[in-house]
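Here's the structure, in structure tokens; my notes come after.
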Amino acid sequence: MSVAYTSFLELANESLNGQGREIDFRCSIGKSYYCMYHSASRLTNGKTAKTDSNGNAFTGGVHKRFYSYLMDNAADYYGLDKDLTVKVGMILKQSHALRISADYHLEHNITKPTAEMMIRRAVELERIIVNIQK
């Protein structure tokens, strides 16, 4: 792999500390999210189940299916701490919603404190993932 998931967080920080434009904050949010997504994907070796623990197909796009899998039965399949894995899924779900807002809803005001919060969330998520992998 030529790029590490941590490279996304570096770019998020660079965007945050750039020219102070709203577009920089939006980019920072997006890169923070992708850092979180790629970091979390290490828990399942980049895999997502097709069905949940009840046999129902996961719906939505790649990201929704992945965080739904983490919140449902990924911990059971991979022998991970259930509570922490669900927490990772919940953080990804919330962060994904913010990333969508930053990328697609240009009428929403995106501020520097929001981008800073997203970077802090990415750092927190990494701590949780490291703890799960112990």
Side-chain angles (χ1 to χ4, degrees):
M1 179 180 353
S2 61
V3 175
Y5 68 92
T6 54
S7 298
F8 287 100
L9 191 56
E10 292 169 13
L11 191 52
N13 277 302
E14 289 174 17
S15 294
L16 180 68
N17 297 316
Q19 298 179 27
R21 303 168 301 177
E22 185 174 346
I23 191 66
D24 297 316
F25 307 146
R26 289 173 180 274
C27 289
S28 180
I29 288 168
K31 297 311 170 200
S32 294
Y33 171 76
Y34 280 106
C35 174
M36 289 186 256
Y37 172 79
H38 289 292
S39 180
S41 72
R42 296 178 299 153
L43 295 173
T44 64
N45 300 316
K47 307 233 185 309
T48 301
K50 295 181 192 267
T51 58
D52 65 19
S53 55
N54 295 317
N56 300 313
F58 285 115
T59 61
V62 171
H63 296 268
K64 182 180 180 189
R65 289 192 316 265
F66 180 63
Y67 64 67
S68 297
Y69 179 42
L70 292 175
M71 292 187 298
D72 182 56
N73 59 350
D76 300 331
Y77 187 81
Y78 288 95
L80 304 170
D81 180 284
K82 180 76 170 177
D83 291 337
L84 291 178
T85 303
V86 168
K87 186 173 184 175
V88 168
M90 290 171 45
I91 291 170
L92 272 181
K93 181 179 182 178
Q94 294 167 344
S95 300
H96 184 243
L98 185 54
R99 198 269 306 165
I100 287 172
S101 181
D103 283 353
Y104 300 112
H105 299 287
L106 302 183
E107 71 280 6
H108 296 171
N109 187 32
I110 302 293
T111 63
K112 185 173 185 175
T114 303
E116 291 169 333
M117 178 272 307
M118 191 71 151
I119 288 173
R120 285 191 306 272
R121 190 181 284 175
V123 171
E124 173 195 357
L125 188 77
E126 179 60 19
R127 281 193 211 115
I128 295 168
I129 291 167
V130 167
N131 192 25
I132 291 171
Q133 292 181 318
K134 286 183 179 176

Worksheet item: Any idea which heavy atoms bring G20 and F25 closest together, and the distance?
Response: O-CZ, 3.5 Å
Fill in: Which residues share a side-chain contact (heavy atoms from CB on, under 4.5 Å) with T59, sequence neighbours left out
K64
Fill in: Heavy-atom pair with the smallest gap, counting every atom of T51 and N73
O-ND2, 4.0 Å
Worksheet item: Can you check whether I132 reaches I128 side chain to side chain, under 4.5 Å on heavy atoms?
Response: yes
Item to complete: Decide side chain to side chain contact (heavy atoms under 4.5 Å, CB included) for E124 and R120; before the verdict, give the C-alpha distance in whole Å, the side-chain angles of both, and the deciding distance to 0.1 Å.
Response: CA-CA 6 Å; E124 173 195 357; R120 285 191 306 272; over 6 Å; no
Worksheet item: Side-chain contact, heavy-atom cut-off 4.5 Å: Y37 with F8?
Response: no
Practice prompt. Find the distance between CD (Q133) and OG (S39) and round it off to the nearest 0.5 Å.
Written response: 7.5 Å
Worksheet entry | Candidate pair V123 and L9, rule side chain to side chain contact (heavy atoms under 4.5 Å, CB included), full reasoning | CA-CA 9 Å; V123 171; L9 191 56; 4.0 Å; yes
Item to complete: For the residue pair M117 and L98, establish whether any side-chain heavy-atom pair is separated by less than 4.5 Å.
Response: yes
Discussion item. Which residues pass the side-chain contact (heavy atoms from CB on, under 4.5 Å) test with Q94, not counting sequence neighbours?
Written reply: R121
Discussion item. Can you tell me how far apart OG1 (T114) and CD1 (I29) are? Round to the nearest 0.5 Å.
Written reply: 6.0 Å
Discussion item. Tell me if the OH atom of Y78 is crowded by more than 12 foreign heavy atoms within 6.0 Å.
Written reply: yes
Item to complete: Give a yes or no answer on whether the side chain of K82 reaches the backbone of D72 with a donor-acceptor pair at less than 3.5 Å.
Response: yes
Worksheet item: What distance separates R65 CZ from F58 CZ, expressed to the nearest 0.5 Å?
Response: 10.0 Å
Worksheet entry | Pairs satisfying side chain to side chain donor-acceptor pair (under 3.5 Å), at least one member in residues 17-36, at least two apart | R21-D24, E22-R26, Y33-H63
Worksheet item: Are side-chain heavy atoms of L43 and F66 found at a separation under 4.5 Å?
Response: no
Worksheet item: Taking only residues two or more places apart in sequence, or in another chain, which ones meet E126 in a salt bridge (charged side-chain N to carboxylate O under 4.0 Å, His left out)?
Response: R42
Fill in: Side chains of L70 and L80 in contact at under 4.5 Å (non-hydrogen atoms)
no
Worksheet, complete the sentence: Going by chain and number, the hydrophobic cluster around L11 (ILVMFWY, side chain to side chain under 4.5 Å) further includes none
Worksheet item: Are M90 and I129 co-members of a hydrophobic cluster defined by side-chain heavy atoms under 4.5 Å apart?
Response: yes
Worksheet entry | Any donor-acceptor N/O pair, S95 side chain to I91 backbone, under 3.5 Å | yes
Worksheet item: Do side-chain atoms of Y67 reach the backbone of K93 as a donor and acceptor pair under 3.5 angstrom?
Response: no
Discussion item. To the closest 0.5 Å, what do you measure between CG (N56) and OG (S68)?
Written reply: 12.0 Å
Discussion item. Determine whether a donor-acceptor pair (N or O, by modelled atom type, separation under 3.5 Å) exists between the side chain of D52 and the backbone of N54.
Written reply: yes
Report, one line per pair, each donor and acceptor closer than 3.5 Å where one atom sits in a side chain of residues 100-108; sequence neighbours left out.
{"residue": "S101", "atom": "OG", "partner": "H108", "partner atom": "ND1", "Å": "2.7"}
{"residue": "D103", "atom": "OD2", "partner": "R99", "partner atom": "NH1", "Å": "2.9"}

